[in-house]
Amino acid sequence: MRSEASRFFSLLLGATLCLYFLPSSAQSRPAQSRTAASEQSAPRPWDQNPNGMHIYLQVGLKTHQPGQHDYPQFLADWSKILTAHGAIVDGSLHPPSAAELEKTDVLVIYKGDAGYLSDSTKRALEAFVKRGGGLVSLHDALCGPDPAYFATLVGGAKKHGDVNYTLGADIPYTIVDKSNPIMAGMSDITIFDEAFFDMTWAKDPAIHVLATAVIPGTPSAGAHKGEVVPQIWTYEHTLAGGRPARAFVWMQGHTYANFANPQIQTMVLRGIAWAGKRPVNELVNYKPPVRKVPSPYGGP
């Protein structure tokens, strides 16, 4: 009896020690599996569109004076605006990874000097454009060390360090292509913002100009005063070995409040949809679903 009891307790002690010395990863695996399963089955909010276009917002840290270059505020505001207009939105303060771009239809960049690209970021961005991904460049996102290269992606770019900007001034738009659906309902307005000149332009193919502005006579504009320079355009192109891709560019946004201008906001929404090869009014005309059950928090 004692021999059998000793043998039983020896086996029990051995099994306990085996479990104790298992690698921590093996011990935690069931919990990880349960966590992954719970994340995959998380319910979708009732007022979000599961079939919307996938948009990634790449922004940067706040720069310049108050009310200017408020990139983080854009991420906060436009993630809500685009979701309310039927898009599926992601975003960050850094360039998206290759894996993130694989599930993205349009990459919207509102970040100063986004033309500075690491090798990995450049590879991911080129792969995205080659598969037909859309780009939207806002304000100084098209600034960097190699404007000739960045112009191959968005149609035009400016070199960092050159004096090629007006600083704050009245920017008077002339709508060049009034028949373009992106510009529908937009008038020749003047906004207080910043315009760029002395650009490097793509040649083959060239950009399609939607609106120009006369460069105002600011100190930084110098001899460029009075020049007529494209400020809003579209760009359709194909990188070698890739599929046709689109880019939409609005060079203003220095003054952040201009994003709330109804004409500007509608134009940007249409430009994003166009870049994603969707119907140009898909975001503008989206109607959110009506809640079918009472809200547990009160209200409609």
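Treat the numbers as computed from the prediction; the structure is a model and nothing was measured.
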Legend entry - Other ILVMFWY residues reachable from V214 by side-chain steps of under 4.5 Å: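 The other cluster members (ILVMFWY side chains, heavy atoms under 4.5 Å, direct or chained) are V228.
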Using the ring-ring contact (aromatic ring centres under 6.0 Å, His included) criterion, which residues pair with [X]? Sequence neighbours excluded.
{"X": "H54", "result": "none"}
{"X": "Y110", "result": "Y71, F74, F259"}
{"X": "Y56", "result": "none"}

Inset, instruction - Using the test salt bridge (Lys or Arg N to Asp or Glu O under 4.0 Å), find all partners of E100 that sit at least two apart in sequence or belong to another chain. - result: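 Scan of E100 (salt bridge (Lys or Arg N to Asp or Glu O under 4.0 Å), adjacent residues dropped) gives none.
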Sequence-distant partners of [X], side-chain contact (heavy atoms from CB on, under 4.5 Å), two or more places apart:
{"X": "A195", "value": "T166, I171, I215, Q231, Q252"}
{"X": "D70", "value": "K62, P72, Q73, Y256"}
{"X": "D170", "value": "T190, F192"}

Below 3.5 Å, can you tabulate the donor-acceptor pairs from side chains in residues 145-157 to any protein atom, sequence neighbours excluded?
unit_1: D146; atom_1: OD1; unit_2: Y149; atom_2: N; d: 3.3
unit_1: Y149; atom_1: OH; unit_2: E126; atom_2: OE2; d: 2.6
unit_1: T152; atom_1: OG1; unit_2: Y149; atom_2: O; d: 2.4

Inset, instruction - Indicate, with yes or no, if the rings of H85 and Y286 have centres closer together than 6.0 Å. - result: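 No, they do not, as the ring centres are separated by 6.0 Å or more.
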Inset, instruction - Not counting sequence neighbours, list each pair that qualifies as a salt bridge (charged side-chain N to carboxylate O under 4.0 Å, His left out) and has a residue in residues 228-241. - result: E236-R246
Inset, instruction - Using the salt bridge (charged side-chain N to carboxylate O under 4.0 Å, His left out) rule, collect all pairs that involve residues 187-206, keeping only residues at least two apart or in two chains. - result: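 Of all non-adjacent pairs touching residues 187-206, those that pass salt bridge (charged side-chain N to carboxylate O under 4.0 Å, His left out) are K178-D188.
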Legend entry - Of all pairs that satisfy side chain to side chain donor-acceptor pair (under 3.5 Å), the ones with a partner from residues 207-221, not counting sequence neighbours: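 Only D177-H208, T218-S220 qualify under side chain to side chain donor-acceptor pair (under 3.5 Å).
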